[in-house]
Amino acid sequence: MAAQTPAGQAYPGLIIRVREPQNLEFPFPTLDRFLIPTERFYVRNHFATPYLNVEPGRPIPIWRLRVEGAVERPLSLTYEEIRKLPSRTGAALLECAGNSRVFLVPRAHGLLWELGAVGTAEWTGVPLAAILDRAGVRKEAVEVILEGADSGEIRDPPSTPGVIHFARSLPLARARRPEVLLAYRMNGANLTPAHGFPLRAVVPGWYAMASIKWLTRIIVSERPFQGYFQTLDYSYFERVHGTPTLTPITELQVKALIARPTLNEVITANQMYRVHGAAWTGDSEVARVEVSTDGGQKWEAARLLDKPVAHAWRLWEYNWRTPAGGRRTLMARATDKRGRTQPLKRDPDRRNYMISHVLPIDVEVR
Ligand SMILES: Nc1nc2c(c(=O)[nH]1)N[C@H]1C(S)=C(S)[C@@H](COP(=O)(O)O)O[C@H]1N2
Ligand SMILES: [Mo]
């Protein structure tokens with residue numbers, strides 16, 4: 001675990017990107033630990049937060065999780081029933097597919113996140129596979145659609161067909177992976193309303209639009225889901241035999257971010273400065289992080305901290321002997337064990353998502 005720096009106290013709250021629906025960013029320069037406390041974890045909501053009731057006997061409807069579609073036994077489970085099932089706890093990183101969008105030039109559509117629409121937390125819940133087994137997936141099934149209780153209408157083009165719920169799907173093979181959870185606890189406490197109370201999906205290794213909050217319905221489907229947040233939103237162009245083909249965003253790209261220094265930070269000349277940040281990847285492990293302090297001409301290895309944790313980020317540091325003075329451009333670049341490395345240039349086929357190219361940070365040494 002990295003030592004805590006005073007920076008963590010310097011900005012104790014979250015940055016407001018949109019007040020309502022809540023879209024709140026973790027101030028990434030304050031990164032000083034492996035697990036981000038819940039009250040400092042970024043929030044990404046498309047619609048108003050639904051406040052759901054799990055206590056019987058109240059004069060308001062009670063929340064239940066329904067499982068339906070191509071299953072032998074449709075289910076309707078209460079909070080208590082779900083919490084009695086065997087659980088699993090593990091750390092996992094969530095990154096919004098739009099994280100770092102403010103770095104896109106020209107300015108992109110969508111929320112202009114800086115670096116902090118990302119975080120690692122510890123999640124406890126029931127593996128989705130166990131719920132699917134209880135319901136009995138029929139052999140014609142190919143995907144699992146996860147639907148949240150939140151709903152609304154988007155009027156700006158591309159507009160939604162009226163009011164819709166936030167929903168996303170997973171191919172069956174992914175849905176059955178043991179680390180995919182229906183989580184009811186985050187960092188050792190019950191989920192908060194902002195992070196999906198009473199139940200959310202956590203899909204480690206995928207961009208976080210797949211980790212559906214306020215989960216109310218699981219629909220096992222015989223055909224690939226083509227919902228709004230899977231096609232019109234959260235999709236990119238993949239070249240299939242050279243033809244750009246709209247494809248749902250899935251696996252996380254390898255990425256390193258610099259927490260400190262920040263853009264235009266003034267740094268003392270001729271001293272040691274601790275450059276530090278975090279790095280992560282999709283279905284692999286971070287193999288190395290390299291840092292350049294001269295705009296990308298020379299790269300040197302950063303030190304990876306702590307131990308690797310599957311599906312979480314890896315904190316790293318690099319001790320920089322600062323020069324006598326002047327402007328400097330810092331960069332960090334991660335490579336994973338599958339040999340994937342961060343590109344230096346932005347790929348326009350990614351539209352305004354998956355912003356994983358190297359992000360230069362200019363500083364002033366004096
Ligand atoms: N029901 C529902 N689930 C959702 C969303 C949402 O708006 N509604 N946003 C998704 C997106 S785009 C992200 S990045 C993550 C953010 O999770 P967090 O708010 O707990 O950080 O939740 C995902 N799950
Ligand atoms: Mo997101």
Side-chain angles (χ1 to χ4, degrees), residues 26 31 33-38 41-44 82 85-99 116-133 143-146 148 166-189 191-192 195-196 199-215 218 229-230 234 248-257 278-287 304 306-316 334 336-338 340 353-354 356:
F26 167 63
L31 177 72
R33 65 193 73 188
F34 178 68
L35 292 179
I36 301 300
T38 303
F41 202 94
Y42 83 97
V43 176
R44 171 69 179 112
I82 290 168
L85 298 173
S87 72
R88 181 181 158 127
T89 296
L93 168 135
L94 295 185
E95 185 191 15
C96 183
N99 191 30
V118 63
T120 294
E122 190 184 74
W123 310 94
T124 301
V126 181
L128 172 55
I131 302 285
L132 294 176
D133 286 347
E143 282 200 352
V144 177
I145 303 167
L146 306 175
F166 192 84
R168 257 274 179 169
S169 77
L170 301 172
L172 260 181
R174 173 66 55 167
R176 287 197 200 275
R177 284 169 72 129
E179 72 275 11
V180 174
L181 295 183
L182 305 187
Y184 45 79
R185 283 169 82 77
M186 175 180 186
N187 294 325
L191 282 179
T192 59
H195 293 291
L199 192 71
R200 79 172 301 166
V202 175
V203 183
W206 277 28
Y207 282 101
M209 74 275 128
S211 293
I212 302 296
K213 303 193 278 190
W214 313 293
L215 188 64
I218 296 176
F229 296 100
Q230 186 120 352
Y234 296 110
I249 290 170
T250 58
E251 196 187 343
L252 285 164
Q253 300 285 320
V254 63
K255 181 166 172 178
L257 286 181
W280 57 89
T281 186
D283 294 323
S284 182
E285 195 183 294
V286 172
L304 300 179
D306 309 316
K307 292 253 149 37
V309 176
H311 307 298
W313 59 22
R314 188 91 189 257
L315 303 183
W316 56 266
D336 71 15
K337 293 210 164 153
R338 277 162 59 181
R340 295 173 295 193
Y353 308 105
M354 300 194 281
S356 72

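Each residue takes its place number in the sequence, starting with 1.
Summarising the geometry, atom CG belonging to L172 is positioned 8.0 Å from atom CD belonging to E143; distances are rounded to the nearest 0.5 Å. Rounded to the nearest 0.5 angstrom, I82 CD1 and S87 OG are separated by 12.5 Å. Distance check, rounded to the nearest 0.5 Å: CG of L93 to CZ of F34 gives 9.0 Å. For the atom pair L146 CG and W214 CH2, the distance stands at 14.0 Å (nearest 0.5 Å). Separation of atoms OG1 (T38) and CG (L191) is listed at 8.5 Å; rounding is to 0.5 Å.
In plain terms, the two heavy atoms of V144 and A175 that are nearest each other are CG2-CB, 3.9 Å. A256 and W316 make their closest contact through CB-NE1, 4.2 Å (heavy atoms, listed as atom of the first residue, atom of the second, distance). Residues P86 and P127 approach most closely at O-CD, 3.9 Å, considering heavy atoms. Looking at every heavy atom in both residues, H195 comes nearest to Y42 through CE1-O, 3.1 Å. Between L181 and R88, the shortest heavy-atom contact is CD1-O, 3.7 Å. Contact record, R174 with P204: NH1-O, 3.6 Å, taken as the closest heavy-atom pair.
Note on ring orientation: taking the six-membered ring where Trp is involved, the planes of F41 and W123 are perpendicular (angle over 60°, cut-offs 30° and 60°). Taking the six-membered ring where tryptophan is involved, the planes of F229 and F166 are tilted, since the angle between them lies from 30° to 60°.
At distances below 3.5 Å, at least one donor-acceptor pair connects side-chain atoms of E251 with backbone N or O atoms of D283. With hydrogens and angles ignored, the 3.5 Å screen pairs no side-chain donor or acceptor of Y184 with any backbone N or O of V126. The backbone N or O of K337 sits less than 3.5 Å from a side-chain atom of S284, completing a donor-acceptor pair.
Counting only heavy atoms from C-beta outward, the side chains of I249 and R168 approach each other to under 4.5 Å. You'll find the side chain of D133 reaches within 4.5 Å of the side chain of R176, heavy atoms only.
Contact check on R314 versus D336 returns no salt bridge, with no Lys/Arg side-chain nitrogen under 4.0 Å from an Asp/Glu carboxylate oxygen.
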